[in-house]
Amino acid sequence: MDTLFVGIMTKFIVVAFLLLHTSVSSSSSSSSSPGAAGMLKQLFQYIDDHQNQFVQRLREWVAVQSDSGDHTKWGEVERILNMTAVRIQEMGGTVDIADVGTHQLPSGETVSLPPVILAEFERDPKKATLCIYGHVDVQPAKMADGWTTDPFNLTEIKGNLYGRGATDNKGPVLAWLHAVESYQATEKEIPVNIKLIIEGLEEVGSYGLLELTRKRNDSFFADVDFIVISDNVWATRNPALTYGTRGSSYFFVEVDGPKLDFHSGVYGGSIQEPMSDLIALLGSLLDHTGKILVPGVTDDVAPLTEDERKLYDNISFDLEEMKSVAGVKHFLQDTKEEVLMARWRNPSLSIHGIQGAFSEPGTKTVIPKQVTGKFSIRQVPNMDPPDVERKVKEHLQQVFSTLKSPNRLRVTATVGAKPWVANLKNPQYVAGQRAVREVFGVEPELIREGSTIPIAQNFQEETGKSVMMLPIGGHDDGEHSQNEKISRYNYIEGTKLFAAYFYELSLVK
Ligand SMILES: *[C@@H]1O[C@H](CO)[C@@H](O)[C@H](O)[C@H]1NC(C)=O
Ligand SMILES: *[C@@H]1O[C@H](CO)[C@@H](O)[C@H](O)[C@H]1NC(C)=O
Ligand SMILES: *[C@@H]1O[C@H](CO)[C@@H](O)[C@H](O)[C@H]1NC(C)=O
Ligand SMILES: *[C@@H]1O[C@H](CO)[C@@H](O)[C@H](O)[C@H]1NC(C)=O
Ligand SMILES: [Zn+2]
């Protein structure tokens with residue numbers, strides 16, 4: 001979108017909003033009172049009027065190179081956590097800097113972890129309590145990777161704000177704080193109690209966060225009613241609410257044979273090769289239609305209800321466009337709905353590689369003595385990673401026994417992340433839908449993520465509270481890629497969305 005278009009869109013949306021609210025409040029078909037429409041209008045006006053300041057604050061945050069992947073940069077992670085804590089304190093919040101202990105690096109060295117921020121604004125026991133999760137660390141980025149602009153110098157081009165962390169996740173964290181600010185600055189009571197949990201190690205696996213969540217379940221989390229996460233992006237050009245993510249387990253299948261790598265001209269034909277055993281094993285995992293052949297693994301997949309099936313009709317994906325983006329003639333499924341279900345709500349198995357195999361150019365006639373196949377299974381409700389692991393191991397052992405091989409098989413798996421799905425009937429989804437309608441004038445798409453975001457499942461499982469993902473980033477923001485961005489439009493309208501969400505949440509509780 002170019003700047004002019006964004007300008008027009010913003011005006012259009014403001015006008016549409018005013019019209020919507022005039023009609024809504026006069027017909028009172030919504031639970032919003034006429035006073036509420038006026039209040040939201042003032043909040044949105046404040047947000048529009050201060051957008052340059054909000055962009056400037058994002059520029060200051062993006063300038064901090066808080067790349068958590070490199071532990072020598074954890075000082076910068078601590079610096080951005082400190083800036084976050086100081087900002088919350090300036091806004092009148094109380095901050096608890098929670099120590100989450102130490103971590104052992106692969107080198108054996110033990111390092112202390114950056115802390116986690118637990119914060120809250122003034123509490124009123126009569127109000128519902130919302131806990132917002134976010135992270136202020138980022139993926140690595142350097143010009144040499146192919147960035148067009150300096151990744152740590154937020155640069156606005158044609159309505160897009162380019163910079164590492166702009167959408168993942170500094171922009172959304174600031175948008176939450178600015179939504180709080182809009183109430184404070186216009187002297188309106190925030191209709192829900194706000195808590196925040198902000199970490200600096202999300203990009204490396206949130207070390208220490210799960211343990212902290214457990215430890216604080218009876219204190220920090222005790223009075224929380226809802227947990228909201230804005231750490232993903234829309235699936236299409238339309239706003240979305242995310243209610244599920246797939247889990248995953250990663251498997252290693254090692255076949256170990258002769259003492260040495262041999263010459264096929266000498267030993268070829270006389271020994272059973274680890275590679276052919278491995279190919280047979282990997283080949284037994286799935287068929288050409290993508291169907292997983294491991295017995296029992298898909299037995300626990302939650303059946304598709306009619307209500308869920310209908311959700312896919314309204315997602316504005318275009319099958320032809322999806323094919324052209326992927327550069328494929330056809331997908332394994334025939335319709336858009338089936339493709340989305342395959343990505344979001346059904347399990348999948350992907351073979352990733354073979355370690356120890358000859359993979360360079362040329363014609364080396366080697367018989368590798370040991371090869372390790374690697375594959376993973378994306379899992380969905382109600383699959384259970386330990387159960388999947390057991391079935392996969394049994395299956396591979398069974399196939400291997402039919403090969404009558406003199407080689408040795410060893411199957412290992414990394415600890416699997418569980419899938420997550422939320423109850424769409426929970427009041428916070430109703431509030432999220434209303435807030436999207438109010439700000440964007442459209443119904444949100446109800447989407448899932450095909451990838452794994454363990455945090456949502458961890459919070460839901462450990463605290464027993466309702467969790468929702470409320471993204472504000474655009475589908476083309478390029479998280480983790482070169483030229484990551486958030487559009488000014490998404491950043492500012494996303495701030496309004498959060499402000500409206502606080503209000504709508506107070507009505508549904
Ligand atoms: C932030 O850093 C400053 C300067 O090092 C320090 O004085 C302050 O206590 C820190 N604040 C928080 C909340 O961590
Ligand atoms: C960021 O980029 C702008 C525009 O190119 C430039 O004027 C400014 O000096 C840069 N800031 C830093 C800190 O590099
Ligand atoms: C799909 O969109 C139509 C038109 O906006 C709406 O009436 C219907 O309720 C939506 N279906 C679902 C399942 O959200
Ligand atoms: C955490 O506390 C909630 C009550 O707030 C409780 O329902 C839940 O079972 C607790 N979680 C665990 C793992 O004990
Ligand atoms: Zn993120």
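In listed order, ligands and their atoms are each counted from 1. The figures that follow rest on heavy atoms only: side chains count, while hydrogens, waters and symmetry mates do not. None of these values were measured; they are calculated from a predicted model.
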* **Which of the ligand 1 atoms, numbered from 1, are nearer than 4.0 Å to a heavy atom of Ala85** => 13 (C)

* Check whether any N, O or S atom of Asp168 sits under 2.8 Å from the Zn ion (ligand 5). => yes

* Asked: With distance as the sole test, does Asp477 use its side chain to make a donor-acceptor pair with the main-chain N or O of Gly474 at under 3.5 Å?
  -> yes

* Angle, OD1 of Asp231 through the Zn ion (ligand 5) to NE2 of His135 - 10° precision -> 100°

* Asked: To the nearest 0.1 Å, how far is atom 12 (C) of ligand 2 from its closest protein heavy atom, and which atom is that?
  -> Asn153 ND2, 3.3 Å

* Which protein non-hydrogen atom lies closest to atom 5 (O) of ligand 1, naming both residue and atom, and how far is it? -> Asn82 ND2, 4.6 Å

* Where do Asp307 and Lys425 land on the side chain to side chain contact (heavy atoms under 4.5 Å, CB included) test, with the steps shown first? -> CA-CA 11 Å; Asp307 279 353; Lys425 299 215 162 65; 4.1 Å; yes

* Asked: In this structure, which one of Gln53, Gln51, Arg57 forms a side chain to side chain donor-acceptor pair (under 3.5 Å) with His178?
  -> Arg57

* Specify whether the nearest protein heavy atom to atom 2 (O) of ligand 2 is under 4.0 angstrom away. => yes

* **Under-4.0 Å protein heavy-atom contact, atom 7 (O) of ligand 1** => no

* Protein heavy atom under 4.0 Å of atom 14 (O) of ligand 2 -> yes

* Full working for salt bridge (Lys or Arg N to Asp or Glu O under 4.0 Å) between Glu443 and Arg437 -> CA-CA 6 Å; Glu443 284 296 315; Arg437 254 178 245 146; 2.7 Å; yes

* **Stacked cation flag Arg343 on Phe331, 6.0 angstrom / 45 deg** => yes

* Looking at the rings of Phe459 and Tyr133, which for Trp means the six-membered one, are their centres under 6.0 Å apart? -> yes

